[in-house]
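The model shown is predicted, which means the values in this text are computed figures rather than measured ones.
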Amino acid sequence: GAVVSQHPSWVICKSGTSVKIECRSLDFQATTMFWYRQFPKQSLMLMATSNEGSKATYEQGVEKDKFLINHASLTLSTLTVTSAHPEDSSFYICSVGGSYNSPLHFGNGTRLTVT
Amino acid sequence: DAKTTQPPSMDCAEGRAANLPCNHSTISGNEYVYWYRQIHSQGPQYIIHGLKNNETNEMASLIITEDRKSSTLILPHATLRDTAVYYCIVPREYAGNMLTFGGGTRLMVKP
């Protein structure tokens with residue numbers, strides 16, 4: 001299956017600053033990648049679909065101007081949390097590949113802590 | 001995704017088989033049943049998927065009932081490293097590769 005690399009694995013930033021998270025598909029050309037968020041003791045929630053060469057599609061309630069997604073190539077999508085606040089502290093996970101009859105593969109996640 | 005129902009938690013003794021049930025009574029036609037697991041502080045890991053027939057791979061077996069309304073994931077010899085949250089997901093055919101995660105089953109493998 002696809003190998004997905006996510007970087008950084010953890011980051012601590014101050015309130016008001018921006019943080020960029022990278023998701024790389026190492027062996028699969030991905031026209032679509034997905035970004036999920038997971039708060040403590042909760043399940044994963046889909047935030048947005050990243051589309052290579054076009055705008056991302058955001059789920060209801062996710063602010064597109066706060067969570068900037070760029071998918072400039074078939075192997076890289078980035079999520080930038082702008083003007084981060086403590087409530088943005090969460091576990092962010094990207095996924096690659098799949099269709100209704102083949103599996104998605106996930107990165108190992110990025111733990112963001114905003115102080 | 002088609003709604004799935006799983007018990008919130010289960011325990012299993014190390015070395016014994018872990019049988020994790022999932023109900024998906026609204027599953028239809030060409031929709032597959034997928035199982036993923038998430039070990040603490042890691043991204044989800046794909047385990048297995050199936051449509052109608054039982055499936056087996058190096059990680060687990062998947063038993064799907066004949067009416068396809070429920071399935072069971074079997075870890076034949078559970079180890080401590082199998083402690084994780086296990087998610088049963090039935091993606092909607094039209095939704096492609098978008099997944100909706102429910103609460104899953106928290107499996108605790110005990111020595």
Which residues, numbered in order, of residues 57-75 of chain A come under 4.5 angstrom of chain B by heavy-atom distance?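 Those residues of residues 57-75 of chain A which have a heavy atom under 4.5 Å from chain B are A:Glu59.
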With a strict 4.5 Å heavy-atom criterion, list every residue of residues 38-48 of chain A that contacts chain B, or say none.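 Counting heavy atoms that sit under 4.5 Å from chain B, the residues of residues 38-48 of chain A involved are A:Gln38, A:Ser43, A:Leu44, A:Leu46.
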Flag yes if [X] and [Y] sit in one hydrophobic cluster, no otherwise; membership is Ile, Leu, Val, Met, Phe, Trp, Tyr, and two members link when side-chain heavy atoms are under 4.5 Å apart.
X: B:Val109; Y: B:Trp35; result: yes
X: A:Leu26; Y: A:Trp35; result: no
X: B:Ile89; Y: A:Phe34; result: yes
X: B:Ile64; Y: B:Met59; result: yes
X: A:Val81; Y: A:Val11; result: yes

Tell me, yes or no, whether the heavy-atom count around A:His85 atom NE2, taken from other residues, nucleotides or ligands under 6.0 Å, exceeds 12.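 More than 12 within 6.0 Å, yes.
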Does atom CZ of B:Arg106 have more than 12 heavy-atom neighbours, drawn from other residues, nucleotides or ligands, at distances under 6.0 Å?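 Incorrect, the count does not exceed 12.
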Can you tell me which of B:Pro44, B:Gly102, B:Gly43 forms the most heavy-atom pairs within a distance under 4.5 Å of chain A?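 Winner by heavy-atom pair count: B:Pro44.
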Which bit of B:Gln38 is near chain A, if near means a heavy-atom gap under 4.5 Å: side chain, backbone, both or neither?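 Side chain only.
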Main chain of A:Ser102, side chain of B:Tyr34: is a donor-acceptor contact present, judged purely on distance under 3.5 Å?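 Side chain of B:Tyr34 to backbone of A:Ser102, a donor-acceptor pair under 3.5 Å: yes, one is there.
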Restricting to non-hydrogen atoms, name the atom on B:Tyr46 and the atom on A:Leu104 that form the minimum distance, rounded to 0.1 Å.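 Heavy-atom minimum between the residues: CB-O, 4.1 Å.
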So do the side chains of A:Tyr36 and B:Phe101 get within less than 4.5 Å of each other, counting heavy atoms only?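 A side-chain contact under 4.5 Å exists here.
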